Amino acid sequence: MRLNENILLLGKKVVLVPYTSEHVPRYHEWMKSEELQRLTASEPLTLEEEYSMQQSWREDADKCTFIVMDAEKWQAQPRTTEESCMAGDVNLFLTDPGEPSLGEIEVMIAEPSCRGKGFGTEAVLMMMSYASL
């Protein structure tokens, strides 16, 4: 969704940044996991297909995707790459184009070392707050 292409949401545990092509290689590596494929009902994609999917989600008016970053890592060093801070993603899907207040939110904390730290909870609450603006 282009509406969030310049939006950064800063929380205590996570930072939400728009899903860009720079994030695709790491995201693609995560989605090679059979466990994540099963949990997200996803099919494996080629890297080229993943880039295409990222672009289509960016253009789609009924989807809003942010990459979930570990805030501590993201704020630690000025030269830290976003890729090294990635924890997962959070998505908002508008389910009724005629009623923009209806939708669903899903979160995936793909990075095993980031699970069980409250990142998913905070990401969902931040997305709910963002969606209500």
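It should be emphasised that the depicted structure is a prediction, and the values quoted were computed from it without experimental measurement.
- Note: C114 SG to K13 NZ = 12.0 Å, rounded to the nearest 0.5 Å.
- Atom OG1 in T40 sits 10.0 Å away from atom CD in E35 (nearest 0.5 Å).
- Considering CG of D70 and CD of Q75, their distance stands at 9.5 Å, rounded to 0.5 Å.
- Across all non-hydrogen atoms, the minimal contact from R115 to I109 is NE-O, 2.9 Å.
- With K63 contributing its side chain and E59 its backbone, the two residues share no donor-acceptor pair below 3.5 Å.
- Two residues are said to be in side-chain contact when any heavy atoms from C-beta on lie closer than 4.5 Å; E83 and P25 meet this criterion.
- Of the possible polar contacts, none joining the S129 side chain to the L125 backbone as a donor-acceptor pair under 3.5 Å is found.
- At distances below 3.5 Å, not a single donor-acceptor pair connects side-chain atoms of Q37 with backbone N or O atoms of E43.
- Between E82 and R26 there is no salt bridge, since none of the side-chain N atoms of the basic residue sits less than 4.0 Å from a carboxylate O of the acidic one.
- Closest approach of L94 and A61 over heavy atoms only: CD1-O, 3.9 Å.
- Hydrophobic clustering keeps I67 apart from F119 (ILVMFWY residues linked when any side-chain heavy atoms are closer than 4.5 Å, directly or through intermediates).
- Atom CD in Q54 sits 14.5 Å away from atom CD in E49 (nearest 0.5 Å).
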(Q) Would L16 and V90 count as a side-chain contact (heavy atoms from CB on, under 4.5 Å) here? Give the steps. (A) CA-CA 8 Å; L16 304 184; V90 61; 4.0 Å; yes
Q: For the pair F66 and M127, evaluate side-chain contact (heavy atoms from CB on, under 4.5 Å) and give the outcome as yes or no after the intermediate values.
A: CA-CA 9 Å; F66 286 98; M127 183 63 98; 3.4 Å; yes
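- The minimum heavy-atom distance between W30 and A87, with the atom names listed, is CH2-C, 3.6 Å.
- Atom CE of residue M108 and atom CG of residue L39 lie 10.0 Å apart, to the nearest 0.5 angstrom.
- The closest side-chain heavy-atom distance from M86 to V68 is not below 4.5 Å.
- In this pair, F93 and W57 present their aromatic rings perpendicular. The plane angle is above 60°, beyond the 30 to 60° band.
- If you chain together hydrophobic residues whose side chains sit under 4.5 Å apart, I7 and M126 fall into the same group.
- Taken from OG1 in T20 to NE2 in H23, the straight-line distance is 4.0 Å, to the nearest 0.5 Å.
- Linking Ile, Leu, Val, Met, Phe, Trp and Tyr whenever their side-chain heavy atoms come within less than 4.5 Å puts M31 and Y19 in one cluster.
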Q. Stepwise, does the side chain to side chain donor-acceptor pair (under 3.5 Å) test hold for N91 with T65?
A. CA-CA 4 Å; N91 304 288; T65 300; 2.7 Å; yes
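- Cluster membership check: L45 does not share its hydrophobic cluster with Y27, using side-chain heavy-atom separations under 4.5 Å among Ile, Leu, Val, Met, Phe, Trp and Tyr.
- There is a path of hydrophobic side-chain contacts, each under 4.5 Å, that joins V107 to Y130.
- Within a 6.0 Å radius of CD in E72, no more than 12 heavy atoms belonging to other residues, nucleotides or ligands are found.
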